[in-house]
Amino acid sequence: METKSPPPCPNTVTVRRNPHRRARATPSTNAPQIPVHSPSSTTARGIPSFPMQDILSIEIPQKGQNNPQPGPSSSSSSSPRAVVSQNLKVYLRIRPLLSPKISGRNGSLGDQNPRLRAKNAWPQNPAKKSAARDSNSKNRNCSEVCVVVNDSHSVKLSPPSAVRESKRIKSEVYEGFSHVFPSESSQDEVYQRMVKPLVDDFLKGKSGMLAALGPTGSGKTHTVFGSPREPGMVPLALQQIFKQSERKDSASSRSFSISIFEIYSEGGKGEKVFDLSPDGTELSMQQSSIKGLQEVVFSDAGQAESLIARAMLKRATAMTNANSQSSRSQCIINISSVANKVDEVHNNAVLTIVDLAGAERGKKTGNRGARLLETNFINNTSMVFGLCLRSLLEHQKNPKKPLQKHFHNSLLTKYLRDYLEGKKRMALILTVRAGEEDYLDTSYLLKQASPFMNIKFNGVEESSTMNYNKRHFQALSRVEQPKRMKLSSHEPCVLEEGKSIGDEHGLPEEGLSRRSDRVSYFLSEAAKIYRSDAGENATTKSDFVDGPEKERNHQILQNFTKAMWNVLKQYKQKLKMAESEIQSLRENLSNEKTRNLVLGKDLEDLRSCCTCPKVLRGDASMVKICSASKSTVELKGLGSSEVDKGDVVHSSILKASYLSGALENIDSCPRQDKDVFSEVSRFGVGVANASENSTQQNDQISDIPPGNRHSTEDLQESKYLGSQDNFLIAHVTDNSKYCGMRDLDSLDFPTSPKEDVEFSQGCSTFDVLDSQPISDTSCKDLNFEKPSRRLLPASSIMPRDCSALDAEDGIMEPVEFLGPPQSREEHVTFNEECGAVDVPDIEPRVDSSSKQVKPKRRLLPASSVLLRDFGALDVEDDLEKPKGNRAGRKLAADERKTTEGSISLLRLLRSNLHL
Ligand SMILES: Nc1ncnc2c1ncn2[C@@H]1O[C@H](COP(=O)(O)OP(=O)(O)OP(=O)(O)O)[C@@H](O)[C@H]1O
């Protein structure tokens, strides 16, 4: 280093990259020495100039910006709060101009060696020679060095005189560097200031990255890897890592792994990733991670260094005019901490060091062909790298400006995406050569990279810590996974655990259902989580969080746990309530069962006491007799086709449907139905049959027992007014004396359990199910004696006048069957005055259990109206009409014909009754 100040350069212009600062306070007495090369120094030789630059840099701490004071302490970032708004650290290292000795070693730089130049110089006139020597020595001082260190944070870049004069380019000052390492800086000094803080952080569990940028031959590889005599940052870092690790007791001794790979474009044909570790092969990249990358675990620095040395031998290099051993690839080294049970808190931190291939200019390197294509790849990667950082900077300046996705454009930037997007902390080391001929490269690099020092890592530390904690938690979860599975698969263990918690909190443990066990399990899990979280936080936060924050986190966790506990308590309360509800329901059920048994017994007793005919026993038939006032009386009767089963009360009364069908099939009917038929037959009433097979039925009338036969033999006409399922049939007998209840003889008894017969006005209650034939025309309370019979209240209000059922008068009530006996309730309606009997739809059915019940009850008001004045009807005409819809399928049509049928029926009645 020269001790003389250079002559003042009149054209010097200071370019400020950072905003101007205010005047500073009085400089401290121990201010750093003014750099001897300071161009701003206009003072006389020997008098140091005012250390303005240094003072400015000392007092420039901006809000939210880390103090760029040199020294390990400034960047140690021991306090995470100081790191939160840290700026990107950009260091600058100036490669020394090669001494003759060194230049001899490096032939490619021979042109820089004055001695070699002198050697190759043409023989000159001694006078001229001495003049030239003087001139050269003067110019060399100025032109040989284009970069001059202003202070530890700034440099002055001076263009070569030729360029300065021709292009009027002025000197520029680049400031704001975290530290400028002058050419005489040793590797160790660089390490101490630049890398040691990163390694310290790494050992504390924080990831970090250092990338070396610079033109080819500027000393990146030298800085990163060094040489055996001058080990670089990687070997020094490894040494520190193991030194620090060895200092700790054996219990906490940690192991580390190294992965080293390169991204290379062979002949510029496309990027490839090669694993540089022993036995490493070509790799592929997925997203931002490299698949199959070997991580070599090592236990001492020596192993690691030998691994690095072997990797360097594998790395792609080539000789160029600028560098005899120029790197042709981007090399990435990852040093990772390996999981250790004792020291889990430091897991997952990665220290990444990147040695980029130096930007090249073809003119300078002399590369051609494939080598030139490599140059393109190298320059492209450098450019993309710079674009990513520039985009990040612009995004930070103006958040509205989206972060560009430049990282997609190269594998290196893809891999380093998190760093290039400001998600992880990184540092840059710019290497430059100070030679005159390096001015353009140096200028380009400084212009490109100096703004990067304004990149901030706001909140990165926090997020880093969070990510770290998250990863740590995930790692713990992964570790704990088998344990939990084991617990869940071995329920006794879980319950035991829950038991202890239950004991602790007074939880019930006995007599609880499986749900309660689960609650206990959840409680125990919650307690476990709480305990593990509390422990984890205790260990994790102790490293990163100071008192108040720790206290706050503790509060949060405590509150969360309280809330969770409350929820669990509520759940327990609900569970208890549900259990008591279940208990009461169970009690109710048992009560009901007992009651049911008693009732069943009573029923049995009643049945055994019952003396009425079987048909009546247990039946729940109903007869509804409508009065003029529409009051209905229901007679419940009796007889159950399912008596034997004892569970369904089968009702049966009058079923004026499928008499024929029933008769024909009477033998196949259930016993009780047969009884019904026989009972009904005593009424001796001819009734219509609505079944489709009426012809057949009529043919088989002869099969009817004599006691019943008269009712069907007297059939003069059977008119089908309904379909198979819904019909109205009128039967008229010659015997005008058949009337009222006698007519019911011909009704088909439904097998449905419950049937109603409604009588119109004038009918009293009558119990159809008397075993005796009804001879009394008075329908007053047709009360058939039977123990199980129940009269509905309506019966009491029934009119006593049952003129409509005057059997003496032989008034045959039209009987309407309005539907199949689907229903267990059927109605026979006797219309007012003339007592039209409206019987609900009855379907011919032999087996009562085979069909669904479908009540269809139809009252035909039109019929009753007509009945009042049926003298006006032309009965004869209707007698000529067809006998009904035998097809019986057109339900709707049949229903429409009901009125018609009624009319016909009335006509028939009229003719029969000689009205
Ligand atoms: N600070 C330094 N002190 C002594 N020698 C150095 C220094 N920096 C670089 N050199 C030497 O300069 C030569 C080129 O350096 P190096 O290979 O590290 O450059 P580079 O930037 O990696 O170039 P490339 O990008 O082409 O790989 C090497 O021989 C190296 O030993």
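All residue numbers refer to positions in the sequence shown, counting from 1.
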Looking at every heavy atom in both [X] and [Y], which two are closest together, and how far apart are they?
X	Y	answer
Ile333	Ile308	CG2-CD1, 4.1 Å
Leu430	Ala449	CD1-CB, 3.5 Å
Leu276	Lys314	O-CD, 3.5 Å
Arg315	Asp355	NH1-OD2, 2.6 Å
Phe202	Ile335	CE1-O, 3.3 Å
Ala301	Phe242	N-CD1, 3.5 Å

Would you check if the side chain of [X] reaches a backbone N or O of [Y] as a donor-acceptor pair within less than 3.5 Å?
X	Y	result
Ser186	Glu189	yes
Thr561	Leu557	yes
His153	Gly176	no
Ser257	Val296	no
His395	Lys401	yes
Glu282	Lys272	no
Lys206	Val199	no
Asn87	Met453	yes
Lys156	Val148	no

So do [Y] and [X] actually touch side chain to side chain, heavy atoms under 4.5 Å?
X	Y	answer
Val190	Val195	no
Phe177	Val180	yes
Glu305	Gln239	yes
Ile241	Phe256	yes
Leu428	Phe385	yes
Leu412	Leu356	yes
Met285	Lys414	yes
Asp279	Gln294	yes

Value rounded to 0.5 Å, distance of [atom1] in [X] from [atom2] in [Y]:
X	Y	atom1	atom2	result
Met383	Arg390	CE	CZ	12.0 Å
Leu392	Asn454	CG	CG	11.5 Å
Leu213	Gln448	CG	CD	7.5 Å
Ile258	Leu307	CD1	CG	5.5 Å
Phe377	Ser382	CZ	OG	9.0 Å
Ser218	Asp441	OG	CG	8.5 Å

Checking side-chain polar atoms at under 3.5 Å, does [X] have a donor or acceptor matched by the opposite partner on [Y]?
X	Y	answer
Tyr174	Glu172	yes
Ser154	Asp151	yes
Thr281	Asp275	no
Asn334	Ser336	no
Gln240	Asp200	yes
Gln330	Glu271	no
Glu262	Ser329	yes
Arg95	Ser183	no
Arg93	Gln187	yes
Thr381	Ser410	no

Pi-cation contact, Tyr419 with Lys424 (under 6.0 Å, within 45°): yes
- request: Any chance you could lay out the side-chain contact (heavy atoms from CB on, under 4.5 Å) test for Leu416 and Val354, step after step, and finish with the verdict?
  value: CA-CA 10 Å; Leu416 300 176; Val354 182; 4.1 Å; yes
task: For Leu210 and Met426, run side-chain contact (heavy atoms from CB on, under 4.5 Å): C-alpha distance rounded to whole Å, both residues' side-chain angles, the deciding distance at 0.1 Å, then the answer.
output: CA-CA 6 Å; Leu210 173 73; Met426 63 180 285; over 6 Å; no
task: Output, in order, the C-alpha distance, side-chain angles, deciding distance and verdict of side-chain hydrogen bond (donor to acceptor under 3.5 Å, both in side chains) for Gln404 and Glu394.
output: CA-CA 10 Å; Gln404 300 295 319; Glu394 285 170 4; over 6 Å; no
query: For Thr221 and Thr223, what are the C-alpha separation, side-chain angles and deciding distance, and is it a side-chain contact (heavy atoms from CB on, under 4.5 Å)?
result: CA-CA 5 Å; Thr221 309; Thr223 302; over 6 Å; no
task: Using side-chain contact (heavy atoms from CB on, under 4.5 Å) as the criterion, point out the one residue from Phe225, Tyr264, Phe261 that pairs with Cys331.
output: Phe225
field: Output field: ring centroids His179/Phe181 closer than 6.0 Å
entry: yes
- request: Report the C-alpha distance between Val155 and Leu446 in whole Å, list the side-chain angles of each, state the deciding distance to 0.1 Å, and finish with yes or no for side-chain contact (heavy atoms from CB on, under 4.5 Å).
  value: CA-CA 10 Å; Val155 291; Leu446 291 176; 4.3 Å; yes
